[in-house]
Each structure stands twice: as C-alpha cells, then as structure tokens.
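Take a look at the structure below.
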Amino acid sequence: MTDRHRIVSAMPRLRRGLAGAATFALAGTLLAACNSDTPVVGSEPSTGESSSSAPAVDPLRVQTSVARGARNVPVDETLTVKATGGELRTVTVTSPLGEVAGALKGGTWTATGRLEPGTDYTITSVSDRSDGRKVTRTSRFHTQDLTLAEQTFASVAPLQDETVGVGMPVIVTFDVPVTDKASMEKHMSVTASPRQAGTWHWLSSTEAHWRPRHYWKAGSDVSVDLDINSIPAGAGVFGQEDRHVDFHIGDAHVYKVNAQTDQMQVFSNGRLLRTLPITTGKPGFTTRSGTKVIIEKFASKRMNSETIGIGKNSPEHYDLDNVQWAMRVTYSGEFIHAAPWSVADQGHANVSHGCTGMSTANAAWLYAMSRRGDVVEYTGTDRQMTLTNGYGDWNESFTDYRAGSALS
C-alpha cells in the first residue's frame with residue numbers, strides 16, 4: 001500500500017490511496033471513544049441568575065466505531081461518527097498521510113476513504129449542544145501493522161498510454177495470492193469509449209484477465225480502475241495500492257494463417273493488405289490452430305531448441321543467435337519471424353519446429369506494422385491453442401469465459 005512498492009511493512013508507508021478531504025460544512029463534533037464519551041451537560045448561569053434556574057441541557061454524547069486509543073484497528077474498518085443529545089456538524093479524520101474522505105448524512109458521518117496500515121489517525125468532531133454551545137471532541141487510534149506478505153500489489157498490462165492491438169486483454173497480476181477473488185473483483189473495473197461489454201476471468205489466484213465480448217473496436221480508449229487499496233483479498237491479505245491505467249486501441253490488425261495452404265493474409269481494419277507465403281510446423285512440431293495474440297517483439301532474438309525441450313543430442317537441435325523480426329504468439333515458444341533458410345518451402349510445405357517463418361523482407365514489413373495485442377488466427381491443424389498458452393483469451397466462447405469471473 002505504498003508508492004514504494006516493497007518497503008518494510010512495520011513502517012508507515014506513503015502511497016496513493018483514496019485518502020481525500022473529509023471536512024463537512026455542517027457544524028461538527030470531534031469523535032469520542034466508542035460509546036464511552038462522557039456526556040456534556042449544563043451551561044454557565046447568567047449574571048444574577050442562580051444555577052438552579054438554568055434551563056436543562058440534554059447530555060451530549062459522541063460515539064465512534066473505533067474505541068479511543070485503539071492500537072490494532074483493521075485497515076478495512078469503516079469509520080462512523082454520530083452524536084446524541086446534540087447535532088453533529090463536522091468530522092475530520094487526519095493522519096500523516098492526509099485526510100480520510102467521508103460524508104455526513106442523517107446525523108452520522110461515514111468514511112468513504114480507506115485506512116492505511118501502521119498509521120496514527122486523529123478524529124476531530126464538532127457538535128451543537130442543545131443549548132447552542134459548540135462542543136469539540138478528539139480521539140486517536142492506530143491501525144494494524146501489515147507485513148508485505150499480508151499485502152498484494154497489482155501489476156497491470158497494457159501500460160499507461162500504450163497503444164495495443166484489438167486482441168489485447170487487460171491483465172492484472174498480483175504478487176501475493178488472492179483467495180477472496182469476489183471481494184477484489186467487486187473493486188476492479190474496465191471501461192471503454194465507445195462502450196464495449198466484457199468480463200473478468202481468473203486464470204489463477206494471482207492473475208485475472210478482462211476481455212470484451214468481441215475484439216476491441218479500433219480507436220477505442222480504455223481505462224482500468226483497481227480500487228483495491230485496503231480491500232480484503234482473503235486469508236488476512238489486503239490490497240496494497242489502487243491502480244489506474246489508460247491505454248488506446250490502434251488499428252484492427254488481424255492476420256489469418258492457413259497451415260494447409262501455407263499462406264498468411266494480412267488485414268488492417270478489414271482491408272486485405274497482402275498475402276504472404278509462410279511455413280509452419282512440420283510433423284511432430286505441429287503449429288497450434290486457434291486465435292493467438294502478439295505478446296512481445298524482438299528485432300533480433302536468439303532461439304535455442306533446448307528452451308522447448310529439444311536437447312543437444314537430438315537431430316532436431318538448433319541454436320540460432322540472430323533470428324530477425326521475431327514476434328512471440330505463445331508462451332511455449334511459437335513465433336512469427338524471418339526464416340531465410342526456408343524460403344524455398346514457404347507457400348508450399350511446413351518445415352519449421354512450430355514457428356511461422358517467412359522471408360526476411362516480408363517479416364520486416366509485418367514487424368514494422370505490428371504491435372502487442374494484434375491478432376493472429378491460425379487454421380489447418382489438429383493441435384489446438386489453449387487459454388493459458390499466451391494471450392489465449394479468445395479461444396473460449398464469451399459465455400464460457402465469463403464463467404471464470406468470481407462474480408458470475
């Protein structure tokens with residue numbers, strides 16, 4: 001829960017929470033300990049008038065949801081303040097990290113901001129007593145200390161201001177497992193302009209994806225809001241910091257690969273730009289059919305067969321230190337890349353170890369126009385792409401994908 005992501009948790013930590021101003025323009029009263037406030041009664045008598053003739057004053061009690069002096073207040077505690085025997089006017093909750101936002105309604109002040117761990121808070125309230133006298137009350141408390149193992153920080157892809165392709169899912173990765181997925185998902189949202197329906201899908205306790213029903217509309221602007229600071233994540237773990245990311249959807253690049261005809265059709269915004277001769281995986285190394293998404297790009301990349309389980313003693317072993325214009329489409333090692341050694345077979349035969357090879361000139365052209373999130377649709381083989389082998393989010397129907405939401 002700090003801007004310095006991994007700081008020793010025993011120390012108070014500054015971070016971007018939902019702290020905000022919480023002073024309200026109705027006159028107010030400072031918080032007293034929970035149900036322990038001493039009533040304020042009576043008033044000073046006027047000159048020449050005995051105290052016995054003074055009008056009766058209702059005792060004023062200020063009650064808070066947190067006992068005065070409490071030392072281990074949970075960070076998900078919702079602070080409330082109310083007064084009896086008078087009218088609550090203002091409440092301010094402050095800490096070294098700032099003020100906690102809240103609202104006064106129906107005689108009760110309720111915090112809308114959340115608490116930070118290991119932090120001292122001061123509650124100040126102002127109330128009007130029945131005789132019109134303003135009464136100020138103050139109380140203090142300290143929130144529970146949390147270790148880093150008791151806090152989960154969320155990383156988000158795409159990155160802030162990144163432009164991505166129409167197949168790019170929103171990916172949220174937690175550094176500490178989330179066991180109460182529903183609690184967290186209630187505070188995670190994705191909005192797009194123009195509006196597009198979509199859903200979350202949990203791949204594991206540390207990874208959640210969001211995708212629209214169909215590919216993103218080209219030119220969309222998308223905002224990701226993770227309002228998870230101090231939200232319970234289950235098993236005594238809490239969200240560590242709110243996150244907000246804005247990104248943009250570029251042109252609709254969809255590449256259609258047919259492993260039977262050994263051709264790739266390159267579409268941009270629905271228009272066919274080129275048809276490229278290619279080669280895909282040979283028998284024993286069949287390229288997967290299904291919808292893949294470009295994950296990352298390398299102008300030059302070393303490719304060693306040992307990374308996919310082909311040892312040095314195998315006749316299929318290879319170690320290429322300068323494969324050009326490589327774009328990854330699966331975690332298991334499928335790429336689109338330049339393969340000048342197989343130009344004679346491109347458009348006619350499948351001779352690769354699973355990658356999609358093309359001439360250096362064609363690979364350079366495709367690489368230059370492509371970005372993370374562009375779609376590559378493969379057909380023509382009996383080996384299927386899976387949901388988790390890369391950005392495989394489009395390989396389930398939307399109905400099945402939505403069933404992976406903790407709130408479905």
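- With contacts defined as side-chain heavy-atom distances shorter than 4.5 Å, the pair E377/T379 does not qualify.
- At distances below 3.5 Å, not a single donor-acceptor pair connects side-chain atoms of Q265 with backbone N or O atoms of Q263.
- The backbone N or O of F174 sits nowhere less than 3.5 Å from a side-chain atom of T152 that would complete a donor-acceptor pair.
- Counting only heavy atoms from C-beta outward, the side chains of D120 and R140 never approach each other to under 4.5 Å.
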Dump the intermediate steps for side-chain hydrogen bond (donor to acceptor under 3.5 Å, both in side chains) on D221 and S193, then the final yes or no.
CA-CA 5 Å; D221 290 311; S193 178; 5.7 Å; no

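- Smallest separation of non-hydrogen atoms from V176 and T206: C-CG2, 4.5 Å.
- For W394 and W216, the gap between ring centers reaches or exceeds 6.0 Å.
- No donor-acceptor distance shorter than 3.5 angstrom exists from the side chain of S205 to the backbone of T179, with no hydrogens or angles considered.
- In this structure, M184 and M188 approach most closely via the heavy-atom pair O-CG, 3.3 Å.
- Checking each of E116, R243, Q151 against N229 for a side-chain hydrogen bond (donor to acceptor under 3.5 Å, both in side chains) leaves exactly one that passes, namely E116.
- The closest side-chain heavy-atom distance from Q196 to H214 is not below 4.5 Å.
- Within the 4.5 Å cutoff, side-chain heavy atoms of N362 are placed close to those of P277.
- Between T399 and S397, the side chains place no donor N or O within less than 3.5 Å of an acceptor N or O (distance only, hydrogens not considered).
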Hey, mind stepping through S223 and D246 against side-chain hydrogen bond (donor to acceptor under 3.5 Å, both in side chains) and telling me if it holds?
CA-CA 4 Å; S223 293; D246 296 316; 2.6 Å; yes

Go through the steps to decide whether D76 and S230 satisfy the test side chain to side chain contact (heavy atoms under 4.5 Å, CB included), and finish with yes or no.
CA-CA 6 Å; D76 60 337; S230 296; 5.6 Å; no

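- When every heavy atom of K217 is checked against every heavy atom of R195, the shortest pair comes out as NZ-O, 4.3 Å.
- When atom types are taken as modelled, the side chain of T360 and the backbone of P340 share no donor-acceptor pair closer than 3.5 angstrom.
- How far CE of M327 is from OH of Y255: 6.0 Å, rounded to the nearest 0.5 Å.
- Donor-acceptor pairing under 3.5 Å is lacking for the side chains of T307 and N304.
- Between E296 and K301, no side-chain nitrogen of the basic residue sits less than 4.0 Å from a carboxylate oxygen of the acidic one, so the salt-bridge criterion is not met.
- For S352 (side chain) and T280 (main-chain N/O), a donor-acceptor pair under 3.5 Å exists by modelled atom type.
- The pair R302-D319 meets the salt-bridge criterion, since a charged nitrogen lies less than 4.0 angstrom from a carboxylate oxygen.
- Enclosure of atom CG in N322 by more than 12 non-hydrogen atoms of other residues, nucleotides or ligands within 6.0 angstrom is indicated.
- Classification of D227 and R114 as a salt-bridged pair holds, one side-chain N sitting under 4.0 Å from a carboxylate O.
- Using a 4.0 Å cut-off between charged side-chain N and carboxylate O, R129 and D131 make a salt bridge.
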Apply the test side chain to side chain contact (heavy atoms under 4.5 Å, CB included) to residues I123 and W109: give CA-CA distance (whole Å), side-chain angles for both, the deciding distance (0.1 Å), then the verdict.
CA-CA 11 Å; I123 306 172; W109 183 91; over 6 Å; no

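- For the atom pair CD of E207 and NE2 of H201, the computed distance is 10.0 Å after rounding to the nearest 0.5 Å.
- Distance alone, capped at 3.5 Å, is enough to place a donor-acceptor pair between the S130 side chain and the D58 backbone.
- Side-chain N or O atoms of D251 include none that pairs as donor or acceptor with a backbone N or O of H253 at under 3.5 Å.
- Remark: the backbone N or O of G290 is not paired with any side-chain donor or acceptor of Q384 at under 3.5 angstrom.
- Here D393 contributes atom CG and T199 contributes atom OG1; the two are 11.0 Å apart, rounded to the nearest 0.5 Å.
- Contact check for T64 versus F141: no side-chain heavy atoms found under the 4.5 Å cut-off.
- Inter-residue side-chain proximity for L104 and T90 is flagged as unmet; no heavy-atom pair is nearer than 4.5 Å.
- Atom CD1 of residue I336 and atom OH of residue Y367 lie 12.5 Å apart, to the nearest 0.5 angstrom.
- With respect to V172, the side-chain contact (heavy atoms from CB on, under 4.5 Å) criterion is satisfied by exactly one of L226, V190, I228: L226.
- Side-chain atoms of T381 and S289 include a donor-acceptor pair closer than 3.5 Å.
- Within a 6.0 Å radius of CZ in R383, other residues, nucleotides and ligands contribute more than 12 heavy atoms.
- L79 places none of its side-chain heavy atoms less than 4.5 Å from the side chain of V81.
- Contact record, E306 with G311: CG-CA, 4.3 Å, taken as the closest heavy-atom pair.
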Check the pair L387 / N395 against side chain to side chain contact (heavy atoms under 4.5 Å, CB included), numbers first and verdict last.
CA-CA 6 Å; L387 181 71; N395 293 284; 5.6 Å; no

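- To the nearest 0.5 Å, the span separating OG1 on T275 from CE on M264 amounts to 10.5 Å.
- Using a 3.5 Å distance cut-off with no hydrogens or angles, the side chains of S342 and D345 do not pair a donor with an acceptor.
- W210 is not listed as a side-chain neighbour of V224, based on a closest heavy-atom distance of 4.5 Å or more.
- With rounding to the nearest 0.5 angstrom, the CD atom of Q160 is 6.5 Å from the NE2 atom of H244.
- Scanning both residues, P158 and V245, for their nearest heavy atoms gives O-CG1, 3.5 Å.
- With hydrogens and angles ignored, the 3.5 Å screen pairs a side-chain donor or acceptor of E150 with a backbone N or O of T147.
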Determine whether Y401 and H209 satisfy the following criterion, side chain to side chain contact (heavy atoms under 4.5 Å, CB included), listing intermediate values before the conclusion.
CA-CA 10 Å; Y401 191 83; H209 289 203; 3.2 Å; yes

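- No donor-acceptor pair closer than 3.5 Å links the side chain of E185 to the backbone N or O of W200.
- Under the 4.0 Å criterion applied to side-chain N and carboxylate O atoms, R288 and D382 are not assigned as salt-bridge partners.
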Can you check salt bridge (charged side-chain N to carboxylate O under 4.0 Å, His left out) on D374 and K292, steps first, answer last?
CA-CA 9 Å; D374 284 345; K292 304 168 190 175; over 6 Å; no

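- Summarising the geometry of S332 relative to I308, their closest heavy-atom pair is O-CG2, 3.4 Å, with the distance given to 0.1 Å.
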